[in-house]
Structures are given as C-alpha cells and as structure tokens.
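Okay, so here's the structure we're looking at.
Throughout, a chain's letter reflects where its sequence line sits, starting with A, and its residues are numbered from 1.
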Amino acid sequence: MHETIELIRNYWAGIRNTAARISKESRLRTYAFSVLGLAFVAGVYFMFHWLLTRLYSFEIIGPILIEKLLFIIFLTFLMMLVFSNVITAISTYYLSNDLHFLFSSPLRVESIFASKFFETVLQSSWAVLFFGIPVFLAYGIILKSSWFFYPLIPVFLLPFLVIPAGAGVMLTMLLIRVYPVKRIKEITLFISIALAAVLVIYFRFLQPERLANPEGFSALADYLTFLKGPSSTYLPSYWVSTLFLNTIRGKPTDMLFYFLMLLSSAGASYVFCKWVAEKIYYESWTKSLNKVSGRPVRFLMLEKLLGTRSMFNVLLLRDLRLFWRDVSQWSQIFLFLAIGVIYMFNLKSFRLQTSSTVLISFINLGFAGFVIAATGVRFSFPAISLEGKGFWLLKAAPYPMKTLLAEKFWTSYIPLLALGEVLVITSGILLKVNREIFFTGMFAVFLITLGLTGLAVGMGASYPKFKAKNPAEVGGSYGGIMYMVFALGYVGLMIFLLDRQAVQFLLFIAGFKQTYNLEAWISVAGTLLLTFYVTFNPLKNGLKFLEQYEWK
Amino acid sequence: MIKTINLVKKFDRITAVNNLNLEIGKGEIFGFLGPNGAGKTTTIKMLTGLLKPTEGKAIVSGFDIQEDPIEAKKLIGYIPDQPFLYPKLTGMEFLQFAANLYRVEDPGPKIDRYLRMFELIQYRDDLIESYSHGMCQKLVMGACFLHDPKVILVDEPMVGLDPKSIRLVKELFRDSASGGLTIFMSTHTLDLAQDICTRIGIINNGNLIALGTTKEIVSMGRTGELEDVFLQLTKPNSQL
Ligand SMILES: Nc1ncnc2c1ncn2[C@@H]1O[C@H](COP(=O)(O)OP(=O)(O)OP(=O)(O)O)[C@@H](O)[C@H]1O
Ligand SMILES: [Mg+2]
C-alpha cells in the first residue's frame, strides 16, 4: 500500500511538471485550450438543458423519457469506457517507458499493478467526466434535485469508473498473452478510428437538427418510448443511473441499495483484475518485450516505377513506405471519408431549404475550403515534423532542404487537390449548379488548395515539432493553431474576392462570354496574387528556417 | 582535413565549447576525450553542420561547413551518439535510402558488403523497429561508409557493440585510415583511444586541456596508462 501511494505520488509529480512546462512554454495554447474546454462544457450543459426541458414538457411520458435517456447515456459511457480502458492499459501497463525501471526495482508486482490501475482510470475516464459532468448538472437542475445530489456525483461516479477499468485491464492482459502488443495496439487504434467515423456518420444521419421542429422532436420521443424499458438490470450503467435518479428524487433507501451494488462490483472488479494480474501481468509484460519481426510489404512495383533518378523520387518512395506501414497514419483517412460523406449529406438537406443556388455554391466553396484546411492540419502541417528524430540524417546529408520541402509540398498538394475537386464536382452535380458556377468552383478549389498546401507545409517547417509522438500533437501546437487561423482567413478572403464578378471574367477567358468588366478583372487578379503570396511566402520562410535549424 | 578556428558554442548560459583550435591531417585517427558534458558532442555537431557555431569556423576537407555546407557534407560521414533511424523501414531499405541521399552510383554491392561485414545480412528485410541497439549502431556505421567519405565524424562508436563487432570496427577504422580516411571520434573507452588513435585531444568544460600524439599524452603520466593521465587532467583544479 505504501509503495503504491509512493508510485502514485511520483506519477502525479510527473503530470504536474508536464503541465507546468506546457503552460510556461505556450501561454496562448493554454488559454486557448482552457477557453475551448469551458465553452465545450457550457455548450453541452445548455444543449442538455434545452433537450431535457423539451422532453420533460411531454405529458405523462416526459419524466419516463428523461429517465430512459439517462440509461442510454450511461450504457454508452460503459461501453466506451471498456474500450478506452483497453487502449489506455496497453500503454500504461505495457508500453510505458518507466516499466523497465519499475520491474527491475524491488517493488512488488501488486504495487506496480495498483499504481498503473490508478493511472489507467485517470487517463481513460477524463473524457467521460468532461462530457458527463455538464449532463448530470443539467439533470439535477431540470429535475429540481436537492443540493446534496451535486457533491454526491463524484462519489457515485468513482465506483462506476472502476468497474470497466477492471474489465478493460483484465481484457488487455489476456489479449497480450495471445497476441503481440504492437499488433493489438494497431488493431485497437484502427477499430477506434473506424468506430469514430461510423459514429460521426451515424449521428449525422440521425439529423439532430430535426429536433428543432416539433415533429422531429416527437419522433425522438417515439424512439425513446419504443426502446424497451431498462431490461438490463444487471449492468452497472443501470445501477448508476437508478442511483442518480433516486438521489435526485431523494429516496434514501433505494439509494443505499444501488450504491452498495456499485461499490461491491467495483471492489470485485478490482480484486478480480488484481488476481489475474498477479498470475499473468509480469509474464505477459516480459512477453510484450519480444519484438515482432514480421516481413513488411515490399512495394516492388513502386520501387521500379520511382527508381532513384532524382532525390525527389527517393524521398517520395521513403515517405510512401513509412505512410503505409504505419496504421496510425493511414487509418485517419477513414475519418476524412466520414467527413466527406457528411458533407455531401449536408448539401442535400441544405438544398431543400434554400433556393438560391449561387449563395449555396459560395457557402459550399467555403465549406470545401474548410475541409481542405482541416485535412491540411492533420496531414500537411505535420509533414516536416514527422521526419521526427530521424531528421539528423537529412540535416547531415548533402542535400538541399528545398528538395525535401518540395516533396512534402507535392505529396500534400496532389491528394488535397483530389479531395477538393471531388468535393466541388460532386456537390456541383448534387446542387445542379449552372456551368459558370461549376467552373468557378473547380478553379477556386485549385487555387485554394495550392495556397493552403503552401501555408500548411511552409508553416509546418517553420514550427517543427520533431519530438512529437503523433501528428495530432503537431497539429495542436502553437504553429498548428496559427496555421488554422491563417488558413481560415485566407479561405474567407478568397471567397470574398471570387464573388460573382470573377465568374464573369473566367467565363470570358474560357470563351463562354463576350465581355467582362474591370471589377471582375481586379478580383481575379486579387485571388491569383493572394494565392501566390500565401503559397510561396510560408514555404520560403520554412525553407530558411530549416536551413538554419540547429539539431540539438 | 579538419580545421577549427576559434570555435565557440554557447547555449543559453553555458559555454559548451570555448575557443577550440584543432588541426587534423589526412589519415589520422583523432580521439576526442573528456568527461560527461565536456563538449564533445557539441563539437562534433558543429563539424557536421547540425549546430551553428556562436563564433569561429569549422573547415572540413577544405570546405567551410557553414559557407559551403553541401560540398562539405558530401565528403563527411557522420555517426551520431543516438542513432535514431526510421523504425518502419527495413535495414536494407535504410541503407539504400542513405546511399541515395549521397547519390552513390550502384550502391548494391557495397550495401551487400557492409551487411555481411556487420552480420546483418539475415535481418536485412526486417523492420528496423525490431533491431537491437547494437544492430542499429552497426547499420548507421555501414550507412556512413557507403559514399566513401573523406572524413568520418563519430560520436561514441562502440556503445552497445559486442566484442566481435568492436574488433571489426577497430580494424575497419585502421584500414580506412591507412587508406587516407580521417576519423574524428569522441569516446569514453580510453583503451580504445590508446589502441587506435594517432592523436588525442582532451576537452574539459569546453576547453581543450591537452593535445598531442597518443604517445606524448600517455607519457605525461607515470604509469603509461591513458586512464591515469585522463583522470589527473580532468580533476577539478589540477595541474600535472
Ligand atoms: N541543446 C542544448 N541546450 C543547452 N545546453 C546544451 C545542449 N546540448 C548540450 N548542452 C550543454 O553543453 C555542454 C556540453 O554537452 P555535450 O553534449 O557536448 O557533452 P559531451 O562531451 O558530449 O558529454 P557526454 O560524454 O555525456 O556525451 C553540457 O554542459 C550540456 O549541458
Ligand atoms: Mg556526448
């Protein structure tokens, strides 16, 4: 016990130091994230406040609907928690760097297990708390609970969080006995991203905006009524939601029963997990150290095709290999596919509501720009940073950084352009726009993608994070946020310039029209100049930065 | 082949390298010794162009590394202290990539030779992420010889190598040096330095405190062991 507390204190000190360093390194980022976080919590709160008020107003069934919603929320939490505990446990119990030290020290395995359990619960549950707290507050306020409900929320949640953690950790230990840890990590990563994509699409197809009108809302009510009553009385999610509801209503006897149920299951889950850990944790950890030496995909065709004629090809071949062999890289494509699907879906439902195609097309263009910018922050901005700790090799080699930057630029531009053009072309067809707007869209996306790629790759080179562990960390850095700000500003300006005036000029050039006016000419020149500047200036700065960069 | 003129490197508060003047000729094996944090890695990084000197110049095989980086780098082979490689490439692919970076014509036979020499041939198609530390070290060493450099800058060459590989590297260094290659290496293995270096420099707190042929340096002590000289010289406030 003493050892465990010491270990947890250690872990805590580590977190504190990291937090102190981050807030010292980048004030802006700390503020930005705090504001965003608070806004999110407030947003969730008001959304649920509204939703619950509406549901509550249904006669007779209102209160029942609210209860059912809570059951569903907790059931979702439970499933998410088991999954996120598996993912977290893989890194806390098997991949974390301190394990070598811990296992070589005279600490008992139980202590290591216990302190890691604490870490796992903390890391896997914060998201649920973040989302859950405002929801629970809304419940308390709408159902007019007495004051003691609020301080009891964390007391009730704690055992609820421990139960799936025990299950998740146990599942991880059993899995690792059978499969290599790297494989499991890749597979869970893949599943979670695919799941996220499916979830996002599913949510979109539910058309939450329908709730704004009464019919849509009663559809939700019907749906909730239709769901069978909370038959799964054996699940902790049922106990905790019943516990919440009883507390809000002030029924102490029922409260006690369900609280004891939760507490005893949490205890059982932990003890059972610990028992399994005593049997297999150490052994499975040693096994996880074995390195998998699977033969990777060879890309023979590609090798032949690209050859080594130019440095550009050499870098390209390397990057393609690295990309396809890293699940965490390519699996993100699913997320962007999901965004694409949603985008198309949005357009279709949007078209039914407004009549002006021209207006929609311009909004659509802005949307496409936004999607490209967001994809850029995930794929293009981190391109240089992903050279990672291996950057010394390029820096020590007699090759101008220009080639590297050019390769990163083109490997970003081509896919982004394809994405952008697919978006405008399909949306043009869906919206049945006229020829003028269709071509303006294609032309605009061509330019916007050019500018955004230059901005992303260039700024990524000016603000590299070679020590980052994944692209998300690079995108969330100071440079990434600045890129996003500039990118959105640029897209906005482009759309402003590309107003209908420009369309005329383009049509004149293409031979569809006989005349054009001066304004049109100016706006086209403006877009070209702006794009030229946004493409080359960041790249130039990035190149200068990389050439001067000191590899410390 | 290597010349530093009043080379200085300052990090925020620390002067890591202070006014370093060295001249190392063709075919020499220069041993750069010093306690932890003395400034060895910093010096090597300045010679490779990874760091920019605060003051002074570094000239490698006739080219100023800051003025003429590309020309200078073509003739340098660099082996860092922590050889981080791309985990998702195979050993073979890495060597090919390294050869291409230096535009080596038809690198196949050479790659094959070094893979065999370092006994990596049966692992060549495995991902580097499954390599041990010593295997990575050997891979980088092979990579740095592919383009026939004129100067090799190596930081701690023997860390993590097994006795057989150490013997191999020693012979490789000696043979290449007698063929005209200049080797600049930092090391803590004093036996190695005494064994293969033609000249030795000792740096402490960024200052060069001793420079001479291995014989000269060793004879500064009474026992004929480099270790004694080294410990004497790097003791706080000591003079020999
Ligand atoms: N990136 C950096 N930022 C600040 N100080 C640094 C940096 N790199 C090195 N130093 C400092 O410069 C000094 C020299 O470091 P260097 O790495 O050159 O030592 P070294 O001789 O290679 O040591 P070792 O034998 O441990 O490898 C040390 O005091 C170190 O703290
Ligand atoms: Mg060093």
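The environment of CZ in B:F11 is crowded: more than 12 heavy-atom neighbours from other residues, nucleotides or ligands sit within 6.0 Å. Within a 6.0 Å radius of CZ in A:F312, other residues, nucleotides and ligands contribute more than 12 heavy atoms. B:K170 NZ: more than 12 foreign heavy atoms inside a 6.0 Å radius. Within a 6.0 Å sphere centred on CD of B:Q82, heavy atoms belonging to other residues, nucleotides or ligands number 12 at most. Heavy-atom contacts from other residues, nucleotides or ligands closer than 6.0 Å to NZ of B:K3 number 12 or fewer. Remark: B:N205 CG is loosely packed, at most 12 non-hydrogen atoms of other residues, nucleotides or ligands lying under 6.0 Å away. No more than 12 heavy atoms of other residues, nucleotides or ligands shown are found within 6.0 angstrom of NZ on B:K57. More than 12 heavy atoms of other shown residues, nucleotides or ligands fall within 6.0 angstrom of atom CZ in B:R174.
Rounded to the nearest 0.5 angstrom, B:L127 CG and A:R321 CZ are separated by 11.0 Å. Summarising the geometry, atom CD belonging to A:Q548 is positioned 8.0 Å from atom CD belonging to B:Q66; distances are rounded to the nearest 0.5 Å.
Of all the heavy atoms in A:K395 and B:L50, the pair that sits closest is CG-CD2, 3.1 Å. Residues B:N100 and A:M311 approach most closely at O-SD, 3.7 Å, considering heavy atoms. Residues B:L89 and A:R325 come closest through the heavy atom pair CA-NH1, 3.7 Å. Across every non-hydrogen atom of A:P398 and B:Y102, the tightest pair is CD-CE2, 3.1 Å.
Checked by atom type and distance alone, the side chain of A:K552 never pairs as donor or acceptor with a backbone atom of B:T42 at under 3.5 Å.
For chain B, the nearby parts of A:E387 are the backbone and the side chain; heavy atoms of each come within less than 4.5 Å. Of the atoms belonging to B:Y86, it is side-chain heavy atoms, and not backbone ones, that fall under 4.5 Å from chain A. B:K52 touches chain A through backbone and side chain together, each having a heavy atom under 4.5 Å away. Looking at A:Y549, only its backbone comes within 4.5 Å of chain B, counting heavy atoms on both sides.
Ranking B:A99, B:P80, B:A143 against chain A, the residue ahead of the rest is B:P80, based on heavy-atom pairs under 4.5 Å. Between chain B and the residues A:A397, A:G388, A:P400, the most heavy-atom pairs under 4.5 angstrom are made by A:A397.
Side-chain contact between A:L317 and B:E93 is absent, with no heavy-atom pair separated by less than 4.5 Å. In this structure the side chain of A:Y399 reaches within 4.5 angstrom of the side chain of B:R103, judged on heavy atoms. Under the 4.5 Å side-chain criterion, counting only non-hydrogen atoms from C-beta, A:W392 is not in contact with B:K45. A heavy-atom distance below 4.5 Å is found between the side chains of A:V314 and B:F97. Residues B:F94 and A:L393 meet the side-chain proximity criterion, which asks for heavy atoms closer than 4.5 Å. By the 4.5 Å heavy-atom criterion applied to side chains, A:K389 and B:L85 are not counted as neighbours.
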Start with the C-alpha gap between B:Q96 and A:R318, add the side-chain angles, then the distance that decides, and say whether side-chain contact (heavy atoms from CB on, under 4.5 Å) holds.
CA-CA 10 Å; B:Q96 279 165 348; A:R318 181 204 59 166; over 6 Å; no
